[in-house]
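Worth knowing before you read on, the calculation uses all heavy atoms, side chains too, and leaves out hydrogens, waters and symmetry mates. All chains are named by letter (A, B, ...) in the order of the sequence lines, taking the proteins before the strands, and each is independently numbered beginning at 1. Model, not experiment: these values are computed from the prediction.
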Amino acid sequence: MIEFKNVSKVYGNNHIALSNINLNIKKGEFVFLVGPSGAGKTTFIKLLLKEIEPTNGEIIVNGTNITQLKRKKIPYYRRSIGVVFQDFRLLSDKTVYENIAFAMEIADASSKDIKRRVPQLLALVGLINKEKLYPHQLSGGEQQRVAIARALANNPSLIICDEPTGNLDPDNSWAIMELLNEINKSGTTIVMVTHAKDIVDRMKKRVIALEKGVIIRDEQRGVYGYEN
Amino acid sequence: MIEFKNVSKVYGNNHIALSNINLNIKKGEFVFLVGPSGAGKTTFIKLLLKEIEPTNGEIIVNGTNITQLKRKKIPYYRRSIGVVFQDFRLLSDKTVYENIAFAMEIADASSKDIKRRVPQLLALVGLINKEKLYPHQLSGGEQQRVAIARALANNPSLIICDEPTGNLDPDNSWAIMELLNEINKSGTTIVMVTHAKDIVDRMKKRVIALEKGVIIRDEQRGVYGYEN
Amino acid sequence: MDMKIKRIKYYFLESIKNLARNRVMVVASIGTVAASLFVLGIFLILALNVNNAAESIGKTLEIKVYLKDEVTTLKRIAIERDIKNIKGVTEVIYISKEQALEDLKKKLGENKAIAEGFEMDNPLPQSFVIKVEKPEFISKVSYEISKLDGIEKIYDGKGIVEKLIKFTNIVRVASYFLMGILAIISAFLISNTIKLAVYSRRREISIMKYLGATDWFIKWPFVIEGVLLGLLGSILSIMVLFFSYQYLTNNVSLNLLLFNFVSAQSLLSFILQKFLLMGALIGGFGSYLAVKRYLVL
Amino acid sequence: MDMKIKRIKYYFLESIKNLARNRVMVVASIGTVAASLFVLGIFLILALNVNNAAESIGKTLEIKVYLKDEVTTLKRIAIERDIKNIKGVTEVIYISKEQALEDLKKKLGENKAIAEGFEMDNPLPQSFVIKVEKPEFISKVSYEISKLDGIEKIYDGKGIVEKLIKFTNIVRVASYFLMGILAIISAFLISNTIKLAVYSRRREISIMKYLGATDWFIKWPFVIEGVLLGLLGSILSIMVLFFSYQYLTNNVSLNLLLFNFVSAQSLLSFILQKFLLMGALIGGFGSYLAVKRYLVL
Ligand SMILES: Nc1ncnc2c1ncn2[C@@H]1O[C@H](COP(=O)(O)OP(=O)(O)OP(=O)(O)O)[C@@H](O)[C@H]1O
Ligand SMILES: Nc1ncnc2c1ncn2[C@@H]1O[C@H](COP(=O)(O)OP(=O)(O)OP(=O)(O)O)[C@@H](O)[C@H]1O
Ligand SMILES: [Mg+2]
Ligand SMILES: [Mg+2]
């Protein structure tokens with residue numbers, strides 16, 4: 001489903017964030033992307049979303065070379081991916097309900113579908129009674145859960161989560177992980193960036209470890225592996 | 001040093017974020033504040049900083065009743081506290097260096113002190129080579145470390161950290177924890193909100209657990225205690 | 001089709017919600033549109049009134065044609081018909097020798113004794129007073145008349161007319177020119193404000209983009225917002241202009257001036273559509289350009 | 001004291017850094033200041049020129065005083081001295097009977113034969129032509145003259161003078177009034193823009209507050225920024241006004257008008273300080289108010 005071919009990303013003149021990445025993620029896989037702060041994990045995700053362009057190399061998603069994707073087609077491509085951003089990226093002038101509904105509007109969902117699905121999603125992440133609040137009225141963990149709900153809204157075939165449990169307590173984190181596992185079982189590909197050692201170690205999924213922009217480890221049923 | 005007397009905070013008309021909190025934190029203590037998402041931890045911190053006012057009760061810090069603090073004195077009060085905010089709150093139009101220097105400028109530090117101390121702080125959090133970058137050019141963990149460096153800048157007598165390791169890998173997290181421990185040993189009071197079970201469990205410090213706005217546990221040398 | 005209507009409804013709802021939630025922006029934008037158009041309106045009122053004055057002065061101008069003594073009644077009627085047929089002539093008034101004497105006496109007033117000797121053998125010629133559509137016609141008409149038989153002399157106050165026409169033209173060109181400049185500046189100020197308003201929402205715009213919204217999906221609510229803000233601002237400016245001008249014309253007596261104010265009603269009908277259109281266009285287009293900018297980034 | 005200077009330096013550095021980093025805001029603010037003051041300037045140019053024209057027309061007005069036939073040379077000199085002593089009189093020109101005849105002949109031109117009979121027994125009276133400082137003085141001066149001995153008749157073109165004075169006053173009051181309105185609108189537009197610019201940085205402002213910055217520590221750089229933006233904008237508007245007006249006065253010949261343009265230099269000296277001051281004040285004060293608002297929150 002996702003293929004990186006000799007992908008590099010250099011910021012500014014000389015900061016190499018990713019260096020010659022080759023990678024293959026198959027449809028239906030659940031992949032943890034781990035690595036120390038500044039290793040290039042978010043950069044990897046930004047490349048996948050075409051938020052930034054690679055300095056070198058090609059990225060192929062679902063058979064399409066997205067580095068050559070026409071500007072007009074980018075929105076449709078992005079809709080096929082559900083993303084939990086590290087900085088949440090909630091729309092500050094929309095309520096919780098509207099934030100999720102908006103993602104569905106974008107994808108041309110009917111009003112009926114929206115009215116049915118948004119409450120379901122809010123229930124899944126435990127925010128039923130917060131639907132009328134604005135992001136700045138939510139706790140950190142609540143904002144993160146809205147971001148997760150939004151990523152699931154359009155039943156995407158690929159879900160990318162950048163540190164989706166960084167602001168969540170262990171209970172909530174595990175609830176989210178079980179949810180993602182459930183969704184993965186129904187065939188959705190999941191790429192998740194995380195620093196949560198215990199989660200990675202217990203899930204026993206494929207682990208790709210980055211360090212200074214280089215893949216230093218890629219194991220099926222791997223562990224977090226950074227001993228402290 | 002910190003005393004909460006019957007403090008309650010109600011958002012809007014009826015959302016009780018904190019309910020009748022009574023609490024005493026002594027000078028030089030290291031306190032973990034834990035609890036599930038939405039328990040009221042950030043609200044607790046916002047009250048301490050006078051970012052919001054309590055609906056009921058009194059908060060006394062260093063002998064001053066801050067609920068009755070005059071508007072003019074608030075800035076000086078705030079300077080005596082170093083805070084790592086959950087959402088970082090870096091100034092987006094200032095570089096890493098300037099963000100930290102700014103916090104020192106505010107506190108009337110001399111240019112000489114600023115020039116000397118900022119690089120030291122950046123070294124402490126491992127960001128020496130990022131000083132000229134703007135926050136949006138940093139990774140999540142790097143932003144968090146800038147926020148930590150800024151909180152330490154003025155050698156405050158009280159440091160408050162809201163989830164300071166949420167975006168950090170275990171290695172970096174432990175480095176930060178050791179740093180805080182060091183600072184604590186020199187007499188600085190530290191209040192830290194966290195979801196990192198392993199950190200709380202290994203540090204063996206006082207743990208205050210909140211749930212739905214109520215203190216459900218307050219133990220010296222406690223553990224995280226939320227089993228999953 | 002159904003989809004289209006749903007979309008349009010959605011865009012309108014979105015833009016209205018956004019307006020409700022960005023009050024600083026709304027107040028600033030409407031204020032700017034209204035203030036800019038208000039200045040344009042003040043200038044327009046000045047220009048309209050100057051033009052009006054020039055025209056009404058122009059209308060009082062007339063050509064005076066003195067006939068030769070030998071012209072008979074029949075001949076005189078023929079001349080009158082010929083003059084009436086000249087293009088641009090609106091009225092021809094015949095003044096007989098007797099009428100001319102009467103007029104002279106009236107003018108002399110107390111000193112009318114001077115003219116008494118004239119009653120025996122009236123030396124005053126018969127004449128025509130000719131009015132024309134526009135001052136511009138005067139010289140052409142008087143040239144045509146000069147070609148007729150039986151004309152003794154033509155007074156068309158040529159010097160004054162020409163000066164007046166030149167002056168009116170200068171005023172007209174200058175006021176069009178200045179109004180053009182003011183319109184451009186208004187457009188600049190308004191789009192400037194809208195640009196800043198959109199700028200303060202650049203984060204939101206980029207998030208929408210990363211969620212997979214098409215450019216137009218993002219742009220439409222902004223464009224509609226711009227149009228609504230422009231319309232509201234222009235309505236405000238029209239109202240302020242209309243009522244303050246009405247108050248002015250009703251309460252300030254300019255009896256010494258040679259002309260009347262243009263009426264508030266005719267001002268209203270002159271600016272109504274133009275201002276609404278201008279407000280809506282600049283607002284919509286300003287938003288469009290501003291959003292576009294943050295979409296490329 | 002040392003601390004104070006360090007602080008001031010810091011505030012200036014901060015504001016300049018902020019300007020360099022918020023280009024959208026800078027362009028929008030300077031543009032708005034410049035455009036608003038430009039419109040004000042256009043209007044000022046119009047008002048200055050109308051006033052100037054009215055004054056120069058006023059200056060051509062004069063009083064004509066005809067003396068009685070019996071006035072001797074000695075008496076005439078006494079009258080001349082008396083007139084010269086009246087306040088407001090700038091010039092008294094004596095026209096003898098012979099001079100008057102000469103003038104009449106010149107006026108008659110080809111028909112000067114008519115006046116030939118006069119040479120034997122000149123019926124024309126001796127007279128004075130009197131110039132006054134300002135048209136406003138004419139009626140008072142002519143009243144004073146009328147009290148003198150030996151005066152046959154005074155022509156002061158009273159009707160015209162009064163109309164002119166009234167007209168000039170109306171134009172003057174109206175132009176002050178409109179300029180006041182325009183100045184207020186300019187201030188509104190500029191502070192509007194600055195408000196929006198500050199609004200887009202409200203997050204930064206609140207962060208500074210939570211870090212323990214005093215209100216003035218936050219406000220000063222914004223106020224200085226506002227002053228700088230205001231100054232830059234007003235300099236831009238002054239330059240555009242000056243050069244375009246200079247071009248206009250050099251290239252447009254208004255030979256048919258009764259007056260000359262006010263010179264570009266005197267325009268410059270008239271607006272320079274006023275505009276700089278206005279730009280700086282509005283910019284600084286606008287920023288101050290805008291920041292204050294986000295400090296309370
Ligand atoms: N726009 C940019 N300009 C310059 N450098 C950048 C930019 N964006 C990111 N970087 C640098 O690239 C490196 C990788 O960043 P990235 O965000 O991918 O890290 P990460 O693996 O997500 O880290 P974290 O776990 O802390 O979020 C970092 O060192 C960062 O400073
Ligand atoms: N301004 C507000 N208006 C209404 N409700 C609010 C507001 N701010 C916070 N809340 C609510 O108060 C509750 C407590 O919020 P708080 O931010 O203190 O939680 P927290 O313990 O920090 O959670 P987390 O671990 O997720 O950051 C949350 O349910 C939140 O929705
Ligand atoms: Mg990251
Ligand atoms: Mg919190």
Side-chain angles (χ1 to χ4, degrees), chain A residues 11-12 15 17 34-43 46 85-88 125-127 129-130 132-133 135-145 162-163 165-178 193-200 202 209-211 224-228, chain B residues 11-12 15 17 34-43 46 85-88 125-127 129-130 132-133 135-145 162-163 165-178 193-200 202 209-211 224-228:
Chain A
Y11 286 115
H15 185 86
V34 302
S37 177
K41 307 181 292 300
T42 300
T43 302
K46 285 182 177 168
F85 297 94
Q86 191 170 12
D87 50 0
F88 312 155
V125 296
L127 289 176
N129 54 344
K130 304 273 173 191
K132 291 211 177 73
L133 296 184
H136 75 267
Q137 297 175 315
L138 298 179
S139 81
E142 285 162 355
Q143 289 179 38
Q144 195 155 42
R145 285 181 278 158
D162 198 349
E163 205 77 71
T165 61
N167 283 276
L168 291 177
D169 55 288
D171 282 0
N172 267 305
S173 298
W174 278 110
I176 295 296
M177 289 317 297
E178 270 156 29
V193 172
T194 189
H195 293 305
K197 186 177 180 309
D198 52 341
I199 289 179
V200 178
R202 267 172 64 173
L210 278 176
E211 212 174 296
Y224 189 86
Y226 288 91
E227 277 320 307
N228 35 62
Chain B
Y11 285 117
H15 184 87
V34 301
S37 177
K41 306 179 295 297
T42 300
T43 302
K46 284 182 176 169
F85 296 95
Q86 190 169 14
D87 49 359
F88 313 154
V125 297
L127 288 177
N129 54 343
K130 303 275 172 189
K132 290 211 178 74
L133 296 184
H136 75 266
Q137 297 175 315
L138 298 178
S139 81
E142 286 162 355
Q143 290 180 36
Q144 196 153 40
R145 286 179 278 159
D162 199 349
E163 204 79 70
T165 61
N167 283 275
L168 290 178
D169 55 287
D171 282 359
N172 268 306
S173 299
W174 277 111
I176 296 296
M177 289 317 298
E178 269 155 29
V193 172
T194 190
H195 294 305
K197 187 177 180 308
D198 51 340
I199 288 178
V200 177
R202 269 172 64 172
L210 278 176
E211 213 174 294
Y224 188 86
Y226 289 90
E227 279 316 310
N228 34 63

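In terms of heavy atoms, B/Ser37 sits closest to A/Glu142 at OG-N, 3.5 Å.
For B/Glu163, the part lying near chain A is the side chain, with the backbone staying farther off; criterion is any non-hydrogen pair under 4.5 Å. No part of B/Lys41 comes within reach of chain A, as not one of its non-hydrogen atoms sits under 4.5 angstrom from that chain.
Distance check: A/Ser173 OG to B/His195 NE2 gives 7.5 Å after rounding to the nearest 0.5 Å. For the atom pair B/Phe88 CZ and A/Asp87 CG, the distance stands at 8.5 Å (nearest 0.5 Å). Going from atom CG of A/Asn129 over to atom NE2 of B/His15 covers 7.5 Å, rounded to the nearest 0.5 Å.
Of all the listed residues (B/Asn172, B/Asp162, B/Thr194, B/Asn167), the one sharing the greatest number of non-hydrogen pairs under 4.5 Å with chain A is B/Asn167.
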